2 protein chains.
Amino acid sequence: MREKLEKYFSYVFEKELIDEIVQVGIYKKLRENEVLVDLGDKMKGIPLLLEGAIKIVREDKNGDEILLYFLERGDTCASSFASAVSNTKCGIRAIAEKESEIIFLPKEKLDDWMVKYKSWRNFVIESYNIRLNEMMETVDSLAFMRMDERLYKYLTDKAQIMRETSLNTTHQEIAYDMHTSRVVISRLLKQLENESKIKLYRNKIEILEF
Amino acid sequence: MREKLEKYFSYVFEKELIDEIVQVGIYKKLRENEVLVDLGDKMKGIPLLLEGAIKIVREDKNGDEILLYFLERGDTCASSFASAVSNTKCGIRAIAEKESEIIFLPKEKLDDWMVKYKSWRNFVIESYNIRLNEMMETVDSLAFMRMDERLYKYLTDKAQIMRETSLNTTHQEIAYDMHTSRVVISRLLKQLENESKIKLYRNKIEILEF
DNA sequence: TAATTTATGTGATGCAAATCACAAATTAAT
DNA sequence: ATTAATTTGTGATTTGCATCACATAAATTA
């Protein structure tokens, strides 16, 4: 745990803070598709993502979903922070897109560290900023882009987060993430294939152009 | 300035912090439609909103706009905080929807206060949370709602923020905020009027049902 | 190997919203 | 008072996407 923590966070956190994190943090391995945070959860702390990829989705009353953004190593879940500190419910669901490793930080420490460590304050503010910007990008996609553009952005974004050039997924799963229908996705994927931007296989999409 | 600050912030901030704010804060009056923050600005501090209403919009490359959310008294601009602390560009535009009063807090103090005042830490975190949640609502609207529902939500939200039951606006302005065309708005407004939810006048919309 | 399930392909149809085109009504400017 | 600009109303057409219906293909399971 200390090893990976230092690998991704030694340039972010002071040595003393890393020591504290090692002491109180709870290491956890997430298997693919494991739900880390669910709608309405009250968080007892926040996760630091050491390895892997986590998708954050929003759900409406009808159970319809839409992807908000992905987290990758070095990230934390700003929504959890909110929930943990203010003791309010979390409005999102967090699901591991692949096997991931996290350190769970108990909420009791979060405010102490704000006083003690400048690096922690920066990290928290920076995390919020990144997330706000991600949300703006999500709004941009929804407001300004057509479905084909959104789809291409989805594919390239996800490939980057997953650190792979092909994605193991079905058309239906993409449709869920983008809150549209499988038929629409299948047609647009075929179109992207014709433009030589991707190549389609069963349960797999190879991205040719980034 | 102290008077209004205490009116809206005495339950939020410690007395000592209010004293400090009075010392270093710069009071400013904004006239209607004045641009407080523009795209690409690097903020030298953050605004505390004492009175009035401010809309936060996002713009894409083509100059198309979409409303993200409104700020009201007691609020601050989380996006500015980000920009001020990290010295990065602001991705939004903030425009006074009516005459407003703000206190501008210089960025040099922002981090000091995080260490000194628990109430300030809470305020900052709370502000980010509120804004993240607003962004989620914006995404919900765009992803899950039809234009007529979005329009009705827009009207009632704006009326609440403006603290009035009628809005002085044109169909075209609404269309800009919602990133659609005037024709669409005119037709949906007429529809809402037929459902007795609103009453239409020239340059004015009265909301009958909240 | 046959039967079943899962993933993808494709035509047809409907609908919300975008776009075009222009008229009518109201207000502001000369 | 006449002209010009702004605001709103309305028909016609197009387009992107949703939805329905069903076919085909590949992978699982019996």
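Computed from a prediction, not measured in an experiment: that's the story for all the values here. Naming convention: chains lettered A, B, ... in sequence-line order (proteins, then strands); numbering from 1 in each chain.
- Dashed line: the shortest gap from a side-chain N or O of A/His171 to OP1 or OP2 of C/dA7 is not under 4.0 Å.
- Every side chain to side chain donor-acceptor pair (under 3.5 Å) that A/Lys190 has, sequence neighbours left out, goes to A/Glu193.
- Residue-environment remark: CD (B/Glu209) exceeds the threshold of 12 foreign heavy atoms within 6.0 Å.
- When rounded to the nearest whole Å, the span between CE of A/Met178 and P of D/dG16 equals 15 Å.
- Cation-pi contact between B/Lys197 and B/Tyr152: present, with separation from the ring centre below 6.0 Å and deviation from the ring axis of at most 45°.
- Heavy atoms of A/Thr170 sit under 4.0 angstrom from primed sugar atoms or phosphate atoms, though from no base atom.
- Under the 6.0 Å distance and 45° angle rule, A/Lys199 counts as a cation-pi partner of A/Tyr201.
- At whole-Å resolution of the value, CZ in B/Arg182 and P in C/dA25 are 15 Å apart.
- Within residues 137-159 of chain A, no residue places a heavy atom under 4.0 Å from DNA chain C.
- Looking at residues 183-197 of chain A, you'll see A/Val183, A/Arg187, A/Lys190 sit with a heavy atom under 4.0 Å from some atom of DNA chain C.
- The only option from B/Arg2, B/Glu101, B/Lys4 that meets the side-chain hydrogen bond (donor to acceptor under 3.5 Å, both in side chains) definition with B/Tyr27 turns out to be B/Glu101.
- Environment of OH in B/Tyr176: sparse, with no more than 12 heavy atoms of neighbouring residues, nucleotides or ligands closer than 6.0 Å.
- In this structure, a donor-acceptor pair under 3.5 Å is present between the side chains of A/Asn129 and B/Ser86.
- The number of heavy atoms from other shown groups lying within 6.0 Å of OH (B/Tyr11) does not exceed 12.
- Using the six-membered ring where Trp is involved, A/Phe81 and A/Tyr128 have ring planes that are perpendicular, over 60° apart on the 30 and 60° scheme.
- One atom, OH of A/Tyr201, and another, P of D/dA25, lie 19 Å apart when rounded to the nearest Å.
- Residue A/Leu200 contributes atom CG, which lies 6 Å from atom P of C/dG9 at whole-angstrom precision.
- The NE2-C1' distance, from B/His179 to C/dT19, rounds to 13 Å in whole Å.
- Under 3.5 Å, the side chain of B/Arg202 and the base of D/dT6 form at least one donor-acceptor pair of N or O atoms.
- Note: CD1 (B/Ile174) to P (D/dG9) measures 11 Å, nearest angstrom.
- Residue B/Asn203 contributes atom CG, which lies 12 Å from atom P of D/dG9 at whole-angstrom precision.
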